[in-house]
Amino acid sequence: MQQHSFDLVVIGGGVNGTGIAMDAAGRGLRVLLCEMNDLASATSSSSSKLIHGGLRYLEHYEFGLVRKALAEREALLRNSPHIMWPMRFRLPHQPHLRPGWMIRTGLFLYDHLAKRELLPGSRSITFGSDSPLKPEITKGFEYSDGWVDDARLVVLMARKAQQMGAVIRPRTRCTQATRDNKTWTITLQDSLSGAETEISASVLVNAAGPWASALFAGTIAAPAPKQIRLVKGSHLVVPRLNNGDEAYILQNEDERIVFVIPYEERFSLIGTTDVDYEGDPSLARISQEETDYLLKIVNAYFRRQTSNEDVVWSYSGVRPLIDDEGEENAQKASRDYSYEVDDNQGLAPLISIFGGKITTYRKLAEVATDKVCEFFPQAGKPWTGNAVLPGGDFTSKTLLLAELKIEFPWLPTELTQRYVRTYGTECRNLLAGAVSIEDMGTLFAGNLFQKEVDYLIAQEWAWTAEDILWRRTKQGLYASEAQTLALKAYLSDSDKSSDTRF
């Protein structure tokens, strides 16, 4: 029998919504999360893939935000070692843009604003003849931050929430939410079939990201307590620009910075831009102006010149930033988060989430769930600081790789490595029953086999080729149009989903 009454309903399947659902479910609350599209289908799969304190935010005096983000880095790296790992960043010095003393001061603060155990500190470096940078760039700095597979982070939190008892409903739109004294009455619509279901909840959380303010006009029928500022950030993927594992942080004349990050072994990820955006966030696309902007900066630094023809893939996302009406410059808009509580006159509480960045998602979720739990005295205590996400229960990638090579000696090394950094120990469930490469079934693209596709459908709410090629894996980088069509045909041949609907 389907459950139709919940303590908490969360609207929004991005990093903040899934973080709150996971935290609340782990404290013993009855939780449902609904997302109108796929999990992480908007902002939370369109980031720069960084777990970072935000070195440049120091210039905007956001010391509190940087401290929070720095403190979170190592907790996240410990809890999700398969999808997150440390990364060294190289900052070429351009004296006419920022003087050396300013950068050294910023890096000193970056090293000391929060406790640091896993990550080494910053240092000055010299670029030699083997540097990928132009020969006139000889000096720079190096510091530590982290990398994250953002879309997989969201999916794994949803899985953890489900393991804790939460009901996870992607492709389910909240069409109406009304409250009568102590209870919310919520109408959910299956985005695939159009079927509607009515449920009730004691507390409602609006974590709709770029849609957080708009949700009030069409669904909740109440004035939005705060407006958000939509800022588009775009990225390019090109063939690898440097052979090392380091990322580069490039300064530009307009005071912005652009990252060049090792991506999926063979590529470099370049980003990001900051452009104010209006309209449907799901329709955000990179403009030629943004492409030219990113390529111009990269070409000013790297020996190897990159053109439009080198772009393998691009993506854009809309960041829902707190709207500071006094700030005209999009790049200076705060990346901090806030939440608003509406429980006036004893009505069923509504908690709305605004702003935030991926590095501070766990802290935001904890603070918001603390507030939710004020309405549930029986709820448990905060617990996510040491919460290992599914697949993260191993001590080192090297040891896990060695174990898997013994257990599955027929598995190609490159594929084993991808499984480790995608699924961690969960890849054993994916590979269950396979004793040869032939048991993996049809090869759709890159090294994406049928057995992995079936696992993603059964265990991770994957439904479309885009879900699989771009959010659950990045094998879309290797997929031809014909291969994509073949995967779509396989997905439509029969109903393989284990995602039971209402």
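Computed over heavy atoms, backbone and side chain alike; hydrogens, waters and symmetry mates excluded. All residue numbers refer to positions in the sequence shown, counting from 1.
At a cut-off of 3.5 Å, with distance as the only test, a side-chain donor of Q288 or N308 sits close to an acceptor on the other residue. There is no side-chain donor-acceptor pair under 3.5 Å between S45 and D150. A donor and an acceptor atom, one from each side chain of Y423 and E452, are located under 3.5 Å apart. Donor-acceptor pairing under 3.5 Å is lacking for the side chains of R88 and S122. For N252 and Y301, the side-chain atoms include no donor-acceptor pair closer than 3.5 Å. A donor and an acceptor atom, one from each side chain of S314 and H235, are nowhere located under 3.5 Å apart. At a cut-off of 3.5 Å, with distance as the only test, a side-chain donor of S307 or E309 sits close to an acceptor on the other residue.
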### Query
Going through the checks in order, is the side chain to side chain contact (heavy atoms under 4.5 Å, CB included) test met by R256 and L250?
CA-CA 8 Å; R256 292 201 74 260; L250 312 178; over 6 Å; no

### Steps toward side chain to side chain donor-acceptor pair (under 3.5 Å) verdict (Y293, D254)
CA-CA 11 Å; Y293 174 86; D254 62 2; 2.6 Å; yes

#### Entry: Step-by-step side chain to side chain contact (heavy atoms under 4.5 Å, CB included) determination, L350 to D343
CA-CA 6 Å; L350 167 65; D343 61 343; over 6 Å; no

### Task
May I have the step-by-step check of side chain to side chain contact (heavy atoms under 4.5 Å, CB included) for L236 and I286, ending in yes or no?
CA-CA 9 Å; L236 303 173; I286 191 170; 3.5 Å; yes

### Task
Using the side chain to side chain contact (heavy atoms under 4.5 Å, CB included) rule, take W147 and M84 through it: C-alpha gap first, then chi angles, then the decisive distance, then the call.
CA-CA 5 Å; W147 188 92; M84 302 186 192; over 6 Å; no

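Between F216 and S352, some side-chain heavy-atom pair lies under the 4.5 Å cut-off. Counting heavy atoms from C-beta outward, Q251 and V258 have side chains that stay 4.5 Å or more apart. Using a 4.5 Å cut-off on side-chain heavy atoms (C-beta onward), L283 and Y277 make contact. Within the 4.5 Å cutoff, the side chain of L321 has no heavy atoms near those of the Y337 side chain. Using a 4.5 Å cut-off on side-chain heavy atoms (C-beta onward), L29 and V372 make contact. Looking only at side-chain heavy atoms (C-beta outward), I358 and L153 come within less than 4.5 Å of each other.
Below 30°, between 30° and 60°, or above 60°: for Y315 and W313 the angle between ring planes is between 30° and 60°, a tilted geometry. In this pair, H82 and F394 present their aromatic rings perpendicular. The plane angle is above 60°, beyond the 30 to 60° band. Ring geometry for H52 versus F259: interplanar angle over 60°, hence perpendicular rather than tilted (30 to 60°).
In this structure a side-chain-to-backbone donor-acceptor pair under 3.5 Å is present from H93 to R98. Under the 3.5 Å distance criterion, the side-chain polar atoms of S268 are matched with a main-chain donor or acceptor of L241. Side chain of N79 to backbone of A75: a donor-acceptor contact under 3.5 angstrom is found. The backbone N or O of Q417 sits nowhere less than 3.5 Å from a side-chain atom of K397 that would complete a donor-acceptor pair. Listed for the S144 side chain is a donor-acceptor partner under 3.5 Å among the backbone atoms of P120. Side-chain atoms of E74 come within 3.5 Å of backbone atoms of E117 as a donor-acceptor pair (strictly under, hydrogens ignored). A donor-acceptor distance shorter than 3.5 angstrom exists from the side chain of T273 to the backbone of S234, with no hydrogens or angles considered. Formation of a donor-acceptor pair under 3.5 Å by the S80 side chain with backbone atoms of I83 is not found in this model. Side chain of R303 to backbone of S131: a donor-acceptor contact under 3.5 angstrom is found.
One finds a salt bridge joining E142 and R90 here, because a Lys/Arg side-chain nitrogen approaches an Asp/Glu carboxylate oxygen to under 4.0 Å. Ion pair R56/E62 not flagged as a salt bridge, since none of the NZ, NE, NH1 or NH2 atoms sits closer than 4.0 Å to an Asp/Glu carboxylate oxygen. A salt bridge between E426 and R159 is present, with a side-chain N of the basic residue lying under 4.0 Å from a carboxylate O of the acidic one. R362 has a carboxylate O that lies under 4.0 Å from a charged side-chain N of E366, or vice versa, which qualifies the two as a salt bridge. No salt bridge links R171 with E35; every basic N to acidic carboxylate O contact stays at or beyond 4.0 Å. By the 4.0 Å N-to-carboxylate-O rule, R421 lies too far from D149 to be salt-bridged with it.
Of all the heavy atoms in R285 and E290, the pair that sits closest is O-OE1, 3.9 Å. Nearest heavy-atom pair across A247 and M87 is CB-SD, 3.7 Å. Pairing each heavy atom of L269 with each of K49, the nearest pair is CD2-CG, 3.7 Å.
For an aromatic pair to be called close, the ring centres must be under 6.0 Å apart, and F63 with Y57 fails this.
A cation-pi arrangement is absent between K474 and F267, since the terminal nitrogen or guanidinium carbon is not both under 6.0 Å from the aromatic centre and inside a 45° cone about the axis. Note that R73 lies in the cation-pi zone of Y110, set by a 6.0 Å cut-off to the ring centre and a 45° limit from the axis.
Pairs engaging residues 17-27 under the side chain to side chain donor-acceptor pair (under 3.5 Å) rule: D23-R27, D23-W383, R27-D370 [sequence neighbours left out].
In this structure, CG on L204 lies 8.0 Å from CG on L8, to the nearest 0.5 angstrom.
The side-chain contact (heavy atoms from CB on, under 4.5 Å) with I353 is formed by just one residue from the set N206, V367, I20; it is I20.
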